[in-house]
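If you scroll down you'll find the structure; I have some questions about it.
Here the structure is a predicted model, which is why all the values come from computation and not from measurement. Index from 1, following the sequence. Computed over heavy atoms, backbone and side chain alike; hydrogens, waters and symmetry mates excluded.
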Amino acid sequence: MKNIKIIGGGLAGSEAALYLADKNWYIELYEMRPKVQTPAHNTGYLAEVVCSNSFKSKLSDTSSGLLKQEMKLLGCKLLEIAELHSVAAGNALAIDRDEFAADVTKRIENHPNITVIREEVKDVPNSTTIIATGPLTSDSMVLSLQKMIGKSQLYFFDAIAPIVSSDSLDHNILFSKTRYDKGEADYLNCPLNKDEYYAFVEALRESDKHEAKEFENQFFQSLEFKFYENCMPIEEIARRGEDTLRFGVMRPVGLEDPRTGKRAYAILQLRAENTDKTAYNLVGCQTMMKYGEQKRILSLLPGFAAVEVLRYGSIHRNTYLNGPEILDERLSLKNNPNIYIAGQLSGVEGYVESILSGLLVARILDENLPMLPEDTMSGQLWRHLMVKKEQAFQPMNANFGILPQIEMEKKNKTLKKQLLSERAILSLTQFLQE
């Protein structure tokens, strides 16, 4: 039996642990929570998701849907568990985050080949190790990594959205519908007229936000906030222009009110957080506003006059490494090949992408998995972590733009995406068979 340490019990670490344990590896899985908590986590569960509860689309003609199909072919463990704890979200795979994390924790703690050790690891071990400490890697581990890799460590700040109680909302004002009626009507929709929308935008633009000094520590003493575009706080989006939100996350197209057949000036969508639909996540409303401001501004929305906030939005430091400078093709450090990097720390962005990273490292360790075909989403995300580019390295999530393109005589985006997906699945299937 082969032995390995895994530091970090998030999505990537949990995926690697379950995969390798089933392949007769013995794993020591270190997780510092709940003894040492982070600004974003709420529990001591393994594989706790802290931002949205959505694993994005399941449709094969979407980049996220394609990635899920590829990961199933690769033997992913966590996607199977996620589907067991899914909540209604149209064509997306959304989960009851507590049920999902509790199930993953139980499976890992009960696996005969895994020992869970609840303590912080402050230094990079000398033995074969997967470091999957995630975007909230502790200062001690960051400093230890820096000693090993030099100045390649980078950073950005991330934001999460509020969760509200369903009972506190006025369901006579809100309505259930999925955009363009694709799938079941699984989202709640808050319709705003022109005056309500601009009042909401103005409140966001004038809101009080947390200052950097409230989140600084011994390692980040002089940093200004630098946001990843996919996690931009809603108040920062509002400051870019008064119509930015209604042409973005609050766009009303495809969401006509089924009671009237009319389209609102803007729509705020809410996605179920759990199976019973007692809690809802405000889609695209990640924020760094102070808690009192969040409550005040949300109450301005139609149907939100008595809103009860179950979890306030917040910001947290998101840490990742400059993969193309420090990682080899096995996703291990060039100057220490016994140390493997997985999850968001490696430079992937998103829940499913993080799970993929843990899965890839596990298969590399177990069977020396060669680089996946370049026409697969998994293969291109893998390459992104090690191919140097002219521009500065940034985290990447699944998107069709990273795949080799297909030339078509007539422009048809939907057909092109479907063809790219079909090509990727066929290529990966043949690769694994061979």
Side-chain angles (χ1 to χ4, degrees), residues 39-40 50-54 156-166 168-170 173-175 177 179 187-215 223-255 257 263-273 279-318:
V50 300
C51 191
S52 165
N53 69 323
S54 174
F156 58 91
F157 282 91
D158 209 352
I160 61 178
I163 296 173
V164 299
S165 167
S166 176
S168 70
L169 305 175
D170 188 341
I173 296 177
L174 279 63
F175 62 89
K177 186 180 176 71
R179 198 179 300 275
Y187 288 80
L188 279 183
N189 298 273
C190 172
L192 290 82
N193 62 33
K194 186 174 182 179
D195 290 340
E196 290 165 340
Y197 170 75
Y198 286 119
F200 181 61
V201 168
E202 183 63 22
L204 289 173
R205 296 169 76 169
E206 298 298 324
S207 63
D208 290 334
K209 63 180 182 179
H210 289 289
E211 299 298 332
K213 59 184 175 62
E214 299 181 48
F215 293 86
L223 303 182
E224 297 179 356
F225 286 120
K226 295 183 180 180
F227 295 103
Y228 181 54
E229 283 293 320
N230 286 0
C231 295
M232 184 69 62
I234 187 171
E235 63 273 13
E236 296 301 313
I237 298 175
R239 291 185 181 108
R240 292 180 171 184
E242 60 181 6
D243 291 317
T244 307
L245 286 171
R246 74 182 191 93
F247 284 103
V249 69
M250 294 180 70
R251 65 192 184 280
V253 294
L255 291 171
D257 191 331
R263 180 189 296 178
Y265 194 73
I267 289 283
L268 176 65
Q269 285 201 298
L270 297 88
R271 181 178 54 242
E273 269 290 313
Y280 280 85
N281 185 298
L282 276 61
V283 177
C285 290
Q286 52 271 7
T287 180
M288 57 186 287
M289 291 185 291
K290 292 183 176 180
Y291 289 174
E293 287 289 81
Q294 293 183 43
K295 172 82 171 180
R296 179 183 69 82
I297 293 174
L298 288 179
S299 66
L300 299 176
L301 293 167
F304 279 66
V307 64
E308 177 188 358
V309 181
L310 301 178
R311 184 198 70 185
Y312 285 96
S314 65
I315 62 171
H316 55 270
R317 170 167 53 87
N318 205 334

Practice prompt. Could you list the residues that satisfy side-chain contact (heavy atoms from CB on, under 4.5 Å) with Glu196, not counting sequence neighbours?
Written response: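 With neighbours one apart ignored, the set is Leu192, Asn193, Pro302.
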Discussion item. So, using side chain to side chain donor-acceptor pair (under 3.5 Å) as the criterion, who are the partners of Glu273 when residues are at least two apart?
Written reply: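 Glu273 satisfies side chain to side chain donor-acceptor pair (under 3.5 Å) with Arg97, Asn281 only.
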Discussion item. Could you check whether any side-chain heavy atom of Arg251 comes within less than 4.5 Å of a side-chain heavy atom of Leu245, counting everything from C-beta outward?
Written reply: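 Answer no - side chains too far apart.
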Discussion item. According to salt bridge (charged side-chain N to carboxylate O under 4.0 Å, His left out), who are the partners of Glu293, at least two apart in sequence or on a separate chain?
Written reply: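 Glu293 satisfies salt bridge (charged side-chain N to carboxylate O under 4.0 Å, His left out) with Arg296 once adjacent residues are dropped.
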Discussion item. Which residues pass the side chain to side chain donor-acceptor pair (under 3.5 Å) test with Ser207, not counting sequence neighbours?
Written reply: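 Testing Ser207 for side chain to side chain donor-acceptor pair (under 3.5 Å), a comparison that skips the adjacent residues, returns none.
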Worksheet item: How far apart are the closest heavy atoms of Pro252 and Ala264, and which atoms are they?
Response: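 Nearest pair, atom of Pro252 first, then Ala264: CB-O, 3.3 Å.
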Worksheet item: Can you list the residues that meet the salt bridge (charged side-chain N to carboxylate O under 4.0 Å, His left out) rule with Arg246, with sequence neighbours excluded?
Response: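 For Arg246, the residues satisfying salt bridge (charged side-chain N to carboxylate O under 4.0 Å, His left out) (neighbours in sequence not counted) are Asp243.
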Worksheet item: Hey, is the main chain of Val307 close enough, under 3.5 Å, to the side chain of Lys295 for a donor-acceptor pair?
Response: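 Yes; judged by distance alone, with no hydrogens or angles, the pair exists.
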Discussion item. Run the side-chain contact (heavy atoms from CB on, under 4.5 Å) test against Glu308 and tell me which residues pass, sequence neighbours left out.
Written reply: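 Glu308: side-chain contact (heavy atoms from CB on, under 4.5 Å) contacts with Ser165, Ser168, Leu310.
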Item to complete: Check side chain to side chain donor-acceptor pair (under 3.5 Å) between Arg263 and all other residues, then give those that pass, not counting sequence neighbours.
Response: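 Glu256.
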Discussion item. Any heavy-atom pair between the side chains of Leu270 and Tyr187 that's under 4.5 Å?
Written reply: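 No. Closest side-chain heavy atoms not under 4.5 Å.
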Worksheet item: With no hydrogens and no angle check, is any side-chain donor or acceptor of Asn53 less than 3.5 Å from a backbone partner on Ala272?
Response: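 It does hold such a pair.
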Fill in: Partners passing side-chain contact (heavy atoms from CB on, under 4.5 Å) against Thr287 (at least two apart in sequence or in another chain)
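Testing Thr287 for side-chain contact (heavy atoms from CB on, under 4.5 Å), a comparison that skips the adjacent residues, returns Pro162, Ile234, Glu235, Met289, Gln294.
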Worksheet item: Of the non-hydrogen atoms in Glu242 and Tyr197, which two are nearest, and what is the gap between them?
Response: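 What the structure gives for the nearest pair is O-OH, 2.7 Å.
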Discussion item. Rounded to the nearest 0.5 Å, what separates atom CD in Gln269 from atom SG in Cys285?
Written reply: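 One finds 10.5 Å between CD of Gln269 and SG of Cys285.
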Discussion item. Within this structure, what is the CE-CE distance for the pair Met232 and Met288, rounded to the nearest 0.5 Å?
Written reply: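 Between Met232 CE and Met288 CE, I get 10.5 Å after rounding to 0.5 Å.
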Fill in: Reported CG-to-OG distance for the pair Leu188 and Ser166, which is rounded to 0.5 angstrom
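It is 6.0 Å, given to the nearest 0.5 Å.
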Fill in: Under the ring pair (Phe, Tyr, Trp, His ring centres under 6.0 Å) test, residues paired with Tyr198 that sit two or more places apart
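For Tyr198 the ring pair (Phe, Tyr, Trp, His ring centres under 6.0 Å) partners, ignoring immediate neighbours, are Tyr265.
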Discussion item. Using modelled atom types and a 3.5 Å cut-off, is there a donor and acceptor pairing between side-chain atoms of Arg271 and backbone atoms of Tyr280?
Written reply: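 Pair absent, no side-chain N/O of Arg271 close to backbone of Tyr280.
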Worksheet item: Is there a side-chain contact between Asn189 and Leu174, using heavy atoms and a 4.5 Å cut-off?
Response: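 The answer is no; the side chains never approach within 4.5 Å.
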Discussion item. Can you list everything that forms a ring pair (Phe, Tyr, Trp, His ring centres under 6.0 Å) with Tyr312? Sequence neighbours excluded, please.
Written reply: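 For Tyr312 the ring pair (Phe, Tyr, Trp, His ring centres under 6.0 Å) partners, ignoring immediate neighbours, are Tyr291.
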Worksheet item: Can you list the residues that meet the salt bridge (charged side-chain N to carboxylate O under 4.0 Å, His left out) rule with Lys177, with sequence neighbours excluded?
Response: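 Lys177 satisfies salt bridge (charged side-chain N to carboxylate O under 4.0 Å, His left out) with Asp181 once adjacent residues are dropped.
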Worksheet item: With sequence neighbours excluded, what pairs up with Arg239 under the salt bridge (charged side-chain N to carboxylate O under 4.0 Å, His left out) test?
Response: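 Result, salt bridge (charged side-chain N to carboxylate O under 4.0 Å, His left out) vs Arg239: Glu236.
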Discussion item. So Ile163 and Val309, do their side chains get closer than 4.5 Å, heavy atoms only?
Written reply: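 The answer is no, as the side chains (C-beta and beyond) never meet within the 4.5 Å cut-off.
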Worksheet entry | Steps toward side-chain contact (heavy atoms from CB on, under 4.5 Å) verdict (Ile267, Phe175) | CA-CA 11 Å; Ile267 289 283; Phe175 62 89; 4.0 Å; yes
Discussion item. So, taking the atom named CD in Glu206 and the one named CD1 in Ile297, what distance separates them when rounded to the nearest 0.5 Å?
Written reply: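 Interatomic distance, Glu206 CD to Ile297 CD1, rounded to 0.5 Å: 9.5 Å.
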